[in-house]
Amino acid sequence: MNSTIRIKLSIMMFLEFFIWGAWFVTLGTFLGNNLKASGSETAAIFSTQSWGAIIAPFIIGLIADRYFNAEKILGILHLAGAFLMYQMYQSEEVGMFYTYVLSYMILYMPTLALVNSVSFNQMKDPEKEFANIRVWGTIGWILAGLSISFIFHWDTAEAISQGFLKNTFLLAGIAALILGIFSFSLPKTPPKVSEEKIKIGDIIGLDALKLLKDKNFAIFFISSILICIPLAFYYQNAHPFLTESGVENPTGKMAIGQISEALFLLLIPVFFTRFGFKKTILIGMLAWAIRYVLFAYGNGNDLSFMLIIGIALHGICYDFFFVSGQIYTNSKAGEKYKSAAQGLITLATYGVGMLIGFAVAGWITDNYKMADGAVNWQMVWIIPAGIAFAVFLLFALLFNEKNKGEESTSAV
């Protein structure tokens with residue numbers, strides 16, 4: 001890969017995740033303050049991410065992989081996304097906003113696979129080259145958050161009260177417009193030529209269901225769905241919670257989570273080698289419980305350090321469970337079912353698990369709203385902490401790493 005292509009791919013990744021980070025982090029606060037959305041309405045809007053994740057494989061499998069160049073579809077989807085972002089920027093009513101954000105997520109989620117396809121198509125050794133390109137996505141997300149807090153100051157108490165958070169959609173829309181145009185200059189990534197008749201089961205990974213006959217994989221699969229419930233609480237409630245707690249520059253401070261994610265990603269091989277898969281994933285699960293206890297008992301004043309530690313734990317929470325889980329799934333599936341197994345896990349977590357999680361988070365938030373309209377945040381965080389700890393116990397007691405060849409996984 002020459003330097004020009006490397007720079008183009010890096011810019012693509014940067015913009016891809018800058019777009020997402022520019023509006024998704026502050027979405028919960030925007031919905032509560034600008035649109036006066038209830039917990040259940042907020043949950044429905046956040047769940048559009050899950051619907052997008054469920055529909056994305058069909059767009060990729062039925063259209064992108066078979067008929068059109070990936071870079072051209074990427075450009076078209078982002079140009080359409082820029083238009084929808086502008087509509088979201090102008091929206092003043094929850095119902096219409098939901099329509100726009102659902103349409104946007106159905107278009108955006110497939111682009112996560114498309115940027116990977118464009119990148120992999122240019123690489124001779126993806127295992128060594130991809131991380132250096134993908135890291136620019138994390139940098140993009142981080143800089144989006146830092147920009148909102150430290151350049152535009154849209155998340156100050158005064159700016160939020162004046163409705164300035166709607167500008168995040170304008171920022172994301174401009175980035176989407178730039179990436180949409182830029183995509184047409186990316187290296188050509190033609191569709192896969194295949195005469196085989198495509199099956200819906202192949203697209204969503206149904207062939208991998210036979211892996212559930214393995215007790216350990218079934219336990220991992222169920223745990224993956226259940227751990228998404230506390231994960232949804234973070235995405236949906238963290239920014240509103242930090243804002244109401246009086247934390248200054250909450251969007252910029254939440255970027256600490258992405259910095260942590262990038263750092264702990266490098267430590268996964270060390271933990272796998274030293275502790276094995278089960279202990280690594282248990283550390284990730286326990287981190288979810290600990291972070292939410294910190295959120296429950298911390299505050300934006302003298303105990304603000306507890307909130308910052310909770311944010312910083314995001315790297316352990318996410319990487320040690322989800323990334324470790326992807327590696328485990330890959331090792332269990334074998335060559336024949338690798339793609340199907342990853343597709344099934346993605347559908348189970350970002351699709352089914354997150355849908356359940358957002359609904360539960362919305363219901364809990366509504367039920368712990370007090371008479372004056374304020375939220376009892378302590379209970380809102382204690383409940384997902386309890387769920388995470390229950391999943392931790394389930395996995396610790398029932399998953400047996402040393403069964404039927406699991407030894408090889410522990411030495412990854």
Side-chain angles (χ1 to χ4, degrees), residues 13-35 37 41-54 56 77-78 81-82 84-89 91 94 97-112 115 137-149 152 154-155 160 164-176 179 228 231-243 249-261 311 314 317-318 322 349-351 354-355 357-358 361-362:
M13 280 293 182
F14 178 90
L15 290 170
E16 174 75 14
F17 288 91
F18 181 94
I19 293 165
W20 201 358
W23 69 279
F24 196 71
V25 174
T26 58
L27 179 60
T29 303
F30 166 81
L31 292 171
N33 287 271
N34 290 52
L35 303 186
E41 288 171 332
T42 298
I45 289 169
F46 269 91
S47 69
T48 60
Q49 173 188 272
S50 299
W51 291 117
I54 291 169
L77 291 179
H78 276 301
L84 290 168
M85 272 291 162
Y86 184 68
Q87 298 304 312
M88 290 155 68
Y89 165 73
S91 292
V94 172
F97 185 86
Y98 175 82
T99 302
Y100 293 133
V101 75
L102 176 62
S103 302
Y104 179 80
M105 278 305 201
I106 289 172
L107 297 181
Y108 178 81
M109 295 307 283
T111 68
L112 297 172
V115 293
T138 302
I139 293 171
W141 184 295
I142 291 168
L143 288 185
L146 295 178
S147 298
I148 290 168
S149 283
F152 301 113
W154 292 332
D155 60 353
I160 290 172
F164 286 175
L165 274 182
K166 75 173 188 176
N167 293 327
T168 58
F169 303 107
L170 201 57
L171 177 64
I174 292 169
L179 181 52
C228 283
L231 171 61
F233 275 79
Y234 182 74
Y235 286 148
Q236 192 164 304
N237 289 326
H239 196 275
F241 163 67
L242 294 172
T243 301
N249 305 308
T251 317
K253 285 176 179 170
M254 282 188 71
I256 294 170
Q258 273 60 51
I259 296 171
S260 164
E261 185 182 325
I311 294 169
H314 183 71
C317 293
Y318 187 86
F322 287 95
T349 53
Y350 286 99
M354 293 292 278
L355 270 179
F358 287 131

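Sequential numbering from 1 along the given sequence is applied to the chain's residues.
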Is there a side-chain contact between [X] and [Y], using heavy atoms and a 4.5 Å cut-off?
X: V25; Y: W141; value: yes
X: F97; Y: V94; value: no
X: N167; Y: L171; value: no
X: W154; Y: I160; value: no
X: I139; Y: F18; value: no
X: M109; Y: W51; value: no

* For residues W23 and Y104, establish whether the separation of their ring centroids is below 6.0 Å. => yes

* To do: Please check if the distance between the ring centroids of Y108 and W20 is under 6.0 Å.
  => yes

* To do: Would you please name every residue forming a ring pair (Phe, Tyr, Trp, His ring centres under 6.0 Å) with F17, sequence neighbours left out?
  => none

Specify the closest pair of heavy atoms between [X] and [Y], including all atoms of both residues, with the distance to one decimal.
X: T42; Y: A37; value: OG1-CB, 3.7 Å
X: S47; Y: L355; value: CB-CD2, 3.5 Å
X: A22; Y: A172; value: CB-CB, 4.0 Å
X: Q258; Y: T138; value: O-CG2, 3.6 Å
X: G28; Y: P240; value: C-CG, 3.5 Å

* Kindly determine whether T29 and L165 satisfy side chain to side chain contact (heavy atoms under 4.5 Å, CB included), including the steps that lead there. => CA-CA 8 Å; T29 303; L165 274 182; 3.6 Å; yes

Drop me the distance from [X]'s [atom1] to [Y]'s [atom2], to the nearest 0.5 angstrom.
X: T99; Y: M88; atom1: OG1; atom2: CE; value: 11.5 Å
X: E41; Y: L31; atom1: CD; atom2: CG; value: 9.0 Å
X: L84; Y: L77; atom1: CG; atom2: CG; value: 10.5 Å
X: I174; Y: Y89; atom1: CD1; atom2: OH; value: 9.5 Å
X: M254; Y: I259; atom1: CE; atom2: CD1; value: 12.5 Å
X: C317; Y: L231; atom1: SG; atom2: CG; value: 9.0 Å

* To do: Taking side-chain contact (heavy atoms from CB on, under 4.5 Å) as the test, write out the residues that go with P250, two or more places apart.
  => D155, H239, L242, T243

* Asked: Are the side chain of S149 and the backbone of G252 linked by a donor-acceptor contact shorter than 3.5 Å?
  -> yes

* To do: Kindly determine whether I256 and H314 satisfy side chain to side chain contact (heavy atoms under 4.5 Å, CB included), including the steps that lead there.
  => CA-CA 8 Å; I256 294 170; H314 183 71; over 6 Å; no

* Where do F358 and S50 land on the side chain to side chain contact (heavy atoms under 4.5 Å, CB included) test, with the steps shown first? -> CA-CA 9 Å; F358 287 131; S50 299; 4.0 Å; yes

* **Greater than 12 external heavy atoms within 6.0 Å of F152's CZ** => yes

* Does a donor on one side chain and an acceptor on the other come within less than 3.5 Å for E16 and T111? -> yes

* To do: Identify which one of F164, Y86, Y100, F30 satisfies the ring-ring contact (aromatic ring centres under 6.0 Å, His included) criterion when paired with F169.
  => F30

